Amino acid sequence: MEFSAKQIATFIQGEIVGNENVTVHTFAKIEEGIPGAISFLSNPKYIPYLYETQSSIVLVNKDFVPEQEVKATMIKVDNAYESLAKLLNLYEQSKPKRTGIDSRAYVAETAKIGKDVYIAPFACIGEYAEVGDNTVIHPHATIGSGAKVGSDCIIYANVTIYHDCRVGNHCILHAGCVIGADGFGFAPTPEGYEKIPQIGITILEDNVEIGANTCVDRATMGATIVHSGVKLDNLIQVAHNDEIGSHTVMAAQVGIAGSTKIGEWCMFGGQVGIAGHIHIGNKVNLGAQSGVPGNIKEGSQLIGTPPMEVKPYFKAQTVFRKLPDMYFEVNALRKELNELKKQLNK
């Protein structure tokens, strides 16, 4: 499919600088642009590529003023990256979607399947499970008995949704993620560790996206809850009875221990570790590899272990790098001081 600059500008409410009739049929990074492609510029580091790119159209921010001639047609918008996201979504929605149940899939007779659902080969839908309208289930995905998946979801290959768990509407679960595995609950005894049955469930609300090989454990009792709009990267662990507030995002390898409550609109960098049974307020930002042992108040922006404010942290890191030299200097000063004391005593 081809779209003209005029059509694109109308859709994203942009201002055209150049040929409004030029057309594009694909996307490309600005540094790898080709004729017929649309690119975007939002990071100033990539400005030199704008003057060289072969892309036919480039999205730029409204406040951008070129210093050289730009061969491509520019479309000026409030936020180039956000506008690109809108176009990519439009592109995805325009792709034809398959529907129907493949003969090689297993669907229990008691399962309820909505309209225009696609169930790929070797997918498994358990007893009394429910799948909503327009949902796509890829090969080898498993929907356990009594589990419910909402409408307009994408369940990628090898996803496992355990029995009785709930997935809302417009959710995306990437390959290999596991929803509702047992929480890590064991009672120590003289003979070893006795397993504590995990009889709760996991609930994902609407518009949640879970990355590949990420695990959200079921609750010991009650529910582990991931609220609407949460986005989790690959390789994240969410333990039993956790609750993650709406629109919180987490980068890869974050680990959250059990019974922790995390607020709305939080942002966690990669490899952040969160202790159990604590509360983290709304709009908390944690830098990569932060270790959190206790509660954090709303609106905090922290990094480190234990986490501290960003500016003091980096000042401390500057001092930390000088510690070996400071150690030798202190030892030398101590020796001089001892020599002076000896001389004074004489």
Side-chain angles (χ1 to χ4, degrees), residues 97-187 194-228 230 232 236-244 256 258-259:
K97 293 184 179 180
R98 297 183 63 178
T99 58
I101 301 173
D102 192 278
S103 61
R104 292 163 292 180
Y106 171 77
V107 179
E109 292 183 1
T110 55
K112 295 181 180 180
I113 308 300
K115 298 177 182 178
D116 298 322
V117 168
Y118 175 63
I119 302 178
F122 311 113
C124 178
I125 313 298
E127 298 286 347
Y128 301 101
E130 297 182 16
V131 178
D133 299 343
N134 305 308
T135 286
V136 175
I137 300 176
H138 286 263
H140 298 283
T142 299
I143 314 297
S145 60
K148 294 182 179 180
V149 177
S151 300
D152 300 291
C153 293
I154 303 175
I155 311 299
Y156 280 104
N158 297 305
V159 167
T160 300
I161 301 172
Y162 275 61
H163 59 90
D164 300 318
C165 291
R166 305 286 184 265
V167 177
N169 302 315
H170 305 283
C171 291
I172 301 174
L173 306 186
H174 288 278
C177 80
V178 179
I179 308 302
D182 280 359
F184 194 63
F186 298 90
E194 183 176 350
K195 182 176 177 61
I196 300 171
Q198 307 290 291
I199 63 173
I201 62 172
T202 296
I203 298 173
L204 309 183
E205 293 185 344
D206 296 346
N207 298 298
V208 168
E209 184 161 351
I210 306 290
N213 294 324
T214 284
C215 298
V216 184
D217 290 348
R218 70 194 310 113
T220 307
M221 291 178 282
T224 302
I225 304 175
V226 178
H227 287 288
S228 60
V230 168
L232 303 182
I236 286 175
Q237 164 64 19
V238 178
H240 55 186
N241 292 96
D242 286 342
E243 183 174 355
I244 301 177
I256 307 170
S259 299

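Computed from a predicted model, the values in this text were never measured in an experiment.
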Would you find a donor on one side and an acceptor on the other, under 3.5 Å apart, between the side chain of Arg218 and the backbone of Gly180?
yes
Restricting to non-hydrogen atoms, name the atom on Gly258 and the atom on Ala239 that form the minimum distance, rounded to 0.1 Å.
N-CB, 3.5 Å
Starting at CE of Met221, measure out to CD1 of Ile196 and round the result to the nearest 0.5 Å.
9.0 Å
Can you confirm whether more than 12 heavy atoms, excluding those of Phe122, are under 6.0 Å from its CZ atom?
yes
For Ala120 against Ala105, the heavy-atom pair lying closest together:
O-CB, 3.3 Å
Supply the atom-to-atom distance Ile155 CD1 to His174 NE2, rounded to the nearest 0.5 angstrom.
10.0 Å
Knowing that exactly one of Ile210, Val159, Ile161, Thr202 qualifies, which makes a side-chain contact (heavy atoms from CB on, under 4.5 Å) with Val167?
Ile161
Report yes if some heavy atom in the side chain of Ile137 is under 4.5 Å from a heavy atom in the side chain of Ile125; otherwise report no.
yes
Exactly one of Asn241, Asp182, Thr220, Thr224 should register a side chain to side chain donor-acceptor pair (under 3.5 Å) with Gln198. Which one does?
Thr220
Between the main-chain N or O of Gly150 and the side-chain N or O of Thr135, is there a donor-acceptor pair closer than 3.5 Å?
yes
For Val107 and Ile113, what are the C-alpha separation, side-chain angles and deciding distance, and is it a side chain to side chain contact (heavy atoms under 4.5 Å, CB included)?
CA-CA 9 Å; Val107 179; Ile113 308 300; 4.0 Å; yes
Can you name the ring pair (Phe, Tyr, Trp, His ring centres under 6.0 Å) partners of His138, sequence neighbours left out?
Tyr156
How far does OG1 of Thr110 sit from OH of Tyr128, to the nearest 0.5 angstrom?
5.0 Å
What's the spacing between Ile172 CD1 and Cys153 SG if we round to 0.5 Å?
9.0 Å
If we count only N and O atoms by modelled type, under 3.5 Å, do the side chains of Asn169 and Glu205 hold a donor and an acceptor together?
no
Sub-4.5 Å side-chain heavy-atom contact between Ile154 and Leu173
no
Under a 4.5 Å cut-off applied to non-hydrogen side-chain atoms, are Asp206 and His170 in contact?
no
Can you find a heavy atom in the side chain of Ile244 that is under 4.5 Å from one in the side chain of Ile225?
no
Evaluate whether atom NZ of Lys97 has more than 12 neighbouring non-hydrogen atoms of other residues, nucleotides or ligands under 6.0 angstrom away.
no
Determine whether the side chains of Ser145 and His163 contain a donor N or O and an acceptor N or O closer than 3.5 Å.
no
Please round to the nearest 0.5 Å and tell me the distance separating atom SG of Cys177 and atom CD1 of Ile236.
11.0 Å
Dump the intermediate steps for side chain to side chain contact (heavy atoms under 4.5 Å, CB included) on Val208 and Cys171, then the final yes or no.
CA-CA 5 Å; Val208 168; Cys171 291; 4.0 Å; yes
So for atom CZ, which belongs to Phe186, do other residues, nucleotides or ligands contribute more than 12 heavy atoms lying within a distance under 6.0 Å?
yes
Check: Val117 and Asp133 side chains under 4.5 Å, non-hydrogen atoms
no
Rounded to the nearest 0.5 Å, what separates atom CD in Gln237 from atom CG in Leu232?
11.0 Å
Among Asp217, Ile179, Val178, the one residue meeting side-chain contact (heavy atoms from CB on, under 4.5 Å) with Tyr162
Val178
